[in-house]
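Sharing a structure, written as structure tokens. Questions coming.
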Amino acid sequence: MANAPIISFSEVSKRYPGGYEALSGINFGVGAGELVFVTGHSGAGKSTLLKLVAAIERASTGTVLVGGQNVSAMRRAAKPFLRRNLGLVFQDHKLLYDRSVFDNVVLPLQVIGQSMKEASRRARAALDKVGLLAREKANPLSLSGGEQQRLCIARAVVNRPSILLADEPTASLDQETAASVMEIFRSFNQVGVTVVVATHDLAAIAQLQPRLMTLSKGRLA
Amino acid sequence: MNAWLRHHFQSSLRTLGRLLSTPVGTALNVVVIGVALALPLGAYVLLVNLQTLGAGFAAQAQVSLFLDRIAASDDVRSIEDRLRREPGVKQVRFVPRATALKDLARSANLAEVIGALRENPLPDAIIVTLDGNDAALAERVSQMARGFAKVTHVQTDSDWTRRLDALIRLGRTGLALLGVLLSLALIAVTFNTIRLQIVTQRDEIEVSRLIGATDSYIHRPFLYLGGLLGVLGGLVALGLVFAGLLFMNRDVATLATLYGSQFRLEALGALDCLAFLLFSGLLGWLGSYLSVSVHLQTVD
């Protein structure tokens, strides 16, 4: 790890209501500009780990620092400002199907109050980067699974976040499409974005030779 | 600041678009809110009119002094002078028994009966008009008049206006309670309308939260929606009340004519209408704010 950690976990555990312990005693750091893949079987705690970074869940014990901020003790009102510096890519895409491809990508820029002219320019640039500019007026429902995932990535990076988090981005994609999606993550990492991807698809990342963290039953192996 | 204004503008446009895209649902919601508001508004307008009517009569609160038949004109002058010196007495008027008999014959169509009388049975009277409808003042003047020689009977004519005043006060309390209850009902109606809207936009809210939208950002379009529904409902309520007054005024005119009055029910003035629309908008806004806040508590 060459750089100072931009994400750091210190003795982090997460216990859900009902007693299920998803993570236990997790310690690690991710340096700025690193490309990290978190692997493990289904239920190993990969998604929970990413949710803790994005303040979607709160750690039961321990400290989660993101960009120097203690996310595990963060007030509700502060969370949106943390997330504006994160790009989130979801397995189920979380796209808005009553809006066009362009409107989905421009949404994060509207949230931060960007002028429409600048927002349009940046949204088109993001769509171009993932190869979807020609489909900007289409409805996301008319896109294939791989295209929807690329659209989700475009929405995640349009704000130029310093950290990109992706939860099982290739879960429902064929091998070739999965490899192209992973390649997109690598290209963002190459321009300095810290990328953390949770996946169980080892085949898709074999070519990338990234840093690997393996979770097993809520513990780092 | 520009970004904040821009989002307000976008939110209001989006809200208008949503309302217009479901015209039937919007119209039904507006009618429900309008009817809920029309009840207390109508009662308020009637009460204000009743108060005006009562105030008109109250201004003429009087004490009548009936004189002994042996009272001479010097006695009458003396009584008049003492009454005029009394604070709170606005006017003192002597009504000779002959004039009283003529008035009675004219106003009650009793000319034939009165013509058959061998002598005038009515006494001379002094009518004292008081300044306002102060019960204590009326009582003081009555007590004083009872002490005058040659005064056989004293009658206070302001009792019924005080009863009317007490009734209006009771009505106002009842109206306040009704207003509070129906305001709560309006907040509940808006709360539920917005809750249904939230259900249809749940994905958008979730995604907005995940990409960094603040609670204020998420609240804003719904607040516009609630406020707009409240104002539109207020307009419907005003329309219903105005229509009701038009219908009622025909019967009121007939009744008032029988009492020799020109009284008509008056609608609210422009400023009152504006204040009412602001109030209904505020209630809609509040219902919406509560609805979205409750929902946001369930999101991360």
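Values reported hereafter were calculated over all heavy atoms of this structure, with side chains retained and with hydrogens, waters and symmetry mates removed. A, B, ... follow the sequence lines: proteins, then strands. Residue 1 opens every chain.
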Kindly check if the number of other-residue, nucleotide or ligand heavy atoms within 6.0 Å of OH (Y217(B)) is above 12? yes
Spatial distance of atom OG (S11(B)) from atom CD (Q110(A)) [nearest 0.5 Å]: 9.5 Å
R202(B) atom CZ: more than 12 heavy-atom contacts under 6.0 Å: no
Interatomic spacing from CG in D215(B) to CZ in R76(A) - rounded to 0.5 Å: 4.0 Å
Taking every non-hydrogen pair under 4.5 Å, which of L96(A), V111(A), L82(A) racks up the most with chain B? V111(A)
Applying a strict 4.5 Å limit to non-hydrogen atoms, the region of F90(A) in contact with chain B is side chain
If one checks every heavy atom of L107(A) against chain B at 4.5 Å, the contacting part turns out to be both
Just checking M74(A): does its CE atom have more than 12 heavy atoms from other residues, nucleotides or ligands closer to it than 6.0 angstrom? yes
In terms of heavy-atom pairs under 4.5 Å, which option from D98(A), L88(A), N159(A), L95(A) contacts chain B the most? L88(A)
Could you report the tightest heavy-atom contact between R209(B) and R83(A), atom names first, then the distance? O-NH1, 3.2 Å
Determine whether R84(A) and T214(B) make a side-chain contact, defined as any pair of heavy atoms from C-beta on separated by less than 4.5 Å. yes
Give, for atom CZ of R99(A) and atom CG of D203(B), the distance between the pair rounded to the nearest 0.5 Å. 11.0 Å
Just verifying a value: how many Å separate K79(A) NZ and L210(B) CG, rounded to the nearest 0.5 Å? 11.0 Å
Does F191(B) CZ have over 12 foreign heavy atoms under 6.0 Å away? yes
